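Below is one structure, written out as structure tokens, with a few remarks after it.
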Amino acid sequence: MDSRPDRRPPMLNADEKTTLLAFLDYLREAVLAKVAGVPEPAVRTAGVPSGTSLLQLIKHLTAVELTWFVWAYAGAGRERWETKSAVSADDTASDLADAYREAIAQANEIALACTDLDRPGARSLRETAPPSMRWILVHMIEETARHAGHADILREQIDGSTGR
């Protein structure tokens with residue numbers, strides 16, 4: 001059984017956007033840490049009947065980041081990213097982690113450029129008005145935290161590794 005140091009959430013006294021992004025980045029890194037060092041085929045093997053694997057979580061979170069920040073908020077691109085696409089045989093842990101990091105960088109660039117957290121984005125994924133950057137940041141904290149918990153369980157099932 002392997003154990004990682006239990007990284008604590010960020011302790012900072014900053015403005016709202018900085019605080020929200022710090023917590024979101026903390027969770028993103030927690031998800032990436034759960035994938036690091038997991039060998040094939042375990043990294044792609046579903047740990048639950050729904051078919052969820054560590055690679056599936058990374059692929060899903062990549063699409064979610066791009067969909068909410070790039071497509072919905074910034075209004076870039078014509079089509080949304082597919083958030084439920086399967087992991088292919090060609091997908092590697094390294095490639096998917098790199099794609100997630102790139103999506104995070106794009107999302108952070110958009111969030112950092114936002115000067116008013118109340119300003120609505122360009123599009124909505126729902127039957128409602130486009131959400132504000134504040135809503136997207138809070139939603140992404142919730143979404144990423146939920147999947148970080150899934151990754152915790154999957155990783156512990158694989159090799160007993162625990163910790164954030």
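If you're wondering where the values come from, they're calculated on a predicted model, not measured in any experiment.
Once rounded to the nearest 0.5 Å, the distance linking CD of E65 with CE of M140 reads 3.5 Å. Atoms OG1 and CG, from T162 and D159 in turn, are 9.5 Å apart once rounded to the nearest 0.5 Å. Taking OH of Y73 as the start and CD1 of I110 as the end, the distance is 9.5 Å to the nearest 0.5 Å. To the nearest 0.5 Å, atoms NZ (K17) and CG (L117) are separated by 6.0 Å.
In this structure R80 satisfies the side-chain hydrogen bond (donor to acceptor under 3.5 Å, both in side chains) test with no other residue, sequence neighbours excluded. With sequence neighbours left out, the salt bridge (Lys or Arg N to Asp or Glu O under 4.0 Å) criterion links D118 to R134. The salt bridge (Lys or Arg N to Asp or Glu O under 4.0 Å) test applied to E127 returns no partner, not counting sequence neighbours. The side chain to side chain contact (heavy atoms under 4.5 Å, CB included) search around L27 returns I141, T144, A145, not counting sequence neighbours. Not counting sequence neighbours, the partners of H147 by the ring-ring contact (aromatic ring centres under 6.0 Å, His included) test are H60, H150. Partners of R123 under the salt bridge (Lys or Arg N to Asp or Glu O under 4.0 Å) rule, at least two apart in sequence or in another chain, do not exist in this structure. In this view, R126 and W68, S124, T128, W135, H139 satisfy the side chain to side chain contact (heavy atoms under 4.5 Å, CB included) rule, not counting sequence neighbours. Take A14 and apply the side chain to side chain contact (heavy atoms under 4.5 Å, CB included) test, not counting sequence neighbours, and it matches L12, T18, T19. E109 meets the salt bridge (Lys or Arg N to Asp or Glu O under 4.0 Å) test with no other residue; sequence neighbours excluded. With sequence neighbours excluded, no residue forms a side-chain hydrogen bond (donor to acceptor under 3.5 Å, both in side chains) with Q56.
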Please tabulate, for the side chains in residues 92-105, all donor-acceptor contacts under 3.5 angstrom to protein atoms that are two or more places apart in sequence or on a different chain.
residue	atom	partner	partner atom	Å
T92	OG1	D95	N	2.9
T92	OG1	D95	OD2	3.2

Distance-only criterion, 3.5 Å: show the donor-acceptor pairs between side-chain atoms of residues 35-49 and protein atoms not counting sequence neighbours.
residue	atom	partner	partner atom	Å
E40	OE1	R44	NE	2.8
E40	OE2	R44	NH2	3.2
R44	NH1	S88	O	3.0
R44	NH2	D91	O	2.3
T45	OG1	P41	O	2.7

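Here the closest heavy-atom approach between residue A74 and residue A122 is recorded as C-CB, 4.1 Å.
Under the 4.5 Å side-chain heavy-atom criterion for ILVMFWY residues, a single connected hydrophobic cluster contains both L112 and F69.
Each of L57, I158, D152 was compared with K34 under the side chain to side chain contact (heavy atoms under 4.5 Å, CB included) criterion, and only D152 meets it.
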